[in-house]
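Worksheet: the structure to be examined is printed underneath.
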Amino acid sequence: MMETSCVWKEKTVDMFRLLVRDAKSPVDEKLVKKLFRLDCSPMAGRRVVVFPSSAELGPVLAQLVTSRAEKAIVAHGRFTLGLSGGSLASMLSKELLALPVLDCSKWVVGFCDERLVAFDDPESTYGLYKSQLFSKVNIPDSGILTIEPGLPVNECAEDYTHKLKEAFPGDDFPVFDLLLLGMGPDGHTCSLFPDHPLLEETEKIVAPISDSPKPPPQRVTMTFPVVNSAHCVAFVSTGGSKAPILKEVLEGRQGPALPAARVVPTSGELLWLVDNPAAASLTIQVERLGSGAKL
């Protein structure tokens, strides 16, 4: 709908320019866009939602996941979810388990990135979710797409690519119903780091990384084409330490865009769920919601 509206506005603006040109009057481009409220950038579809604290954000995140799951299962019989690690794992696991009813029997879960460590290593994202969530819900083992951590990093990325292709047959790039992402203090997301060559990857589904600036150095990560193919991408960012980088990601900066700012779904939704401390430096318009809200 936004794209159709944008096309209509662009054509209207072009006609307006022609009329003004025929009248031999100068055209003020900024005024033209203001008059027609022309905002067709991908950011026009972005929602930045601010909560008083992570305590209010958590239940809304769980509601987002379950509501999208219900819609996806009605639409195509399953719910595909991409997970990220860090503090998100604890928050999501806690809030989902607090729900009175949680049916994960038709969920298919993948990982936006993963560290090449054993599953019982504290750095393993799968290991975090297994202990905090998977072992306590009715998600089938076949619905959890894990890496093979014993493989060399390049082979591991190829193997995980194969698993995703099997799970998403017919798609050039897997199209997840929902991806949950975090953001590091340097603006990285998944294992896509600032100034790294993987930022320009356009063909691979899963890419290996052997020189991660953040330990452990060996990882595999979904690429931007996969992330930006999702039906919905939701970032979760909390805490005052994220405030400076969140401002740069959401409001722009000098130099190349940070990795998190390059997440712009092609035809899906983009949500930023943040708390007041993380949003402290923002000057853009945001939505402010409480724990009872629905997205």
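A donor atom on one side chain and an acceptor atom on the other are not found under 3.5 Å apart for R262 and N228.
Both L271 and M91 sit in one connected hydrophobic cluster of ILVMFWY residues. Membership requires side-chain heavy atoms under 4.5 Å apart, directly or through other members. Residues F111 and V117 fall into different hydrophobic clusters, defined by Ile, Leu, Val, Met, Phe, Trp and Tyr side chains chained together at heavy-atom separations under 4.5 Å. The hydrophobic clustering, which links ILVMFWY residues whose side-chain heavy atoms are closer than 4.5 Å, places L181 and V175 apart. When the side chains of ILVMFWY residues are joined at heavy-atom separations under 4.5 Å, either directly or via intervening members, V153 and L151 end up in two distinct hydrophobic clusters.
No side-chain heavy atom of R115 sits under 4.5 Å from any side-chain heavy atom of S124. Side-chain contact between M222 and F176: present, with at least one pair of heavy atoms (C-beta onward) separated by less than 4.5 Å. With a 4.5 Å cut-off on side-chain heavy atoms, L270 and R47 do not count as touching. Contact of the I139 side chain with the V109 side chain is registered, since non-hydrogen atoms from C-beta on lie closer than 4.5 Å. Contact of the K294 side chain with the S67 side chain is not registered, since no non-hydrogen atoms from C-beta on lie closer than 4.5 Å. Side-chain atoms of K204 and T161, non-hydrogen and from C-beta on, never get closer than 4.5 Å to each other. You'll find the side chain of T202 stays beyond 4.5 Å of the side chain of E200, heavy atoms only. Within the 4.5 Å cutoff, no side-chain heavy atoms of F79 are placed close to those of V108.
With ring centers used as reference points, F173 lies 6.0 Å or more from F168.
Applying the ring-ring contact (aromatic ring centres under 6.0 Å, His included) test to pairs two or more places apart or on separate chains, none has a residue in residues 273-295.
Counting non-hydrogen atoms of neighbouring residues, nucleotides and ligands closer than 6.0 angstrom, the CG atom of D195 reaches no more than 12 such neighbours. Residue-environment remark: NZ (K163) exceeds the threshold of 12 foreign heavy atoms within 6.0 Å.
For the pairing with D177, the side chain to side chain donor-acceptor pair (under 3.5 Å) check across K71, H76, R68 returns one residue only, H76. For the side chain to side chain contact (heavy atoms under 4.5 Å, CB included) with F51, the qualifying choice from L57, L61, V274 is L57, the only one to do so.
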Pair R219-E114, salt bridge (charged side-chain N to carboxylate O under 4.0 Å, His left out): steps then yes or no: CA-CA 6 Å; R219 303 159 176 244; E114 181 60 286; over 6 Å; no
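In this structure, R46 does not pair ionically with E269, as no charged nitrogen and carboxylate oxygen lie closer than 4.0 Å.
From L133, atom CG reaches atom SG of C104 across 6.5 Å, with rounding to the nearest 0.5 Å.
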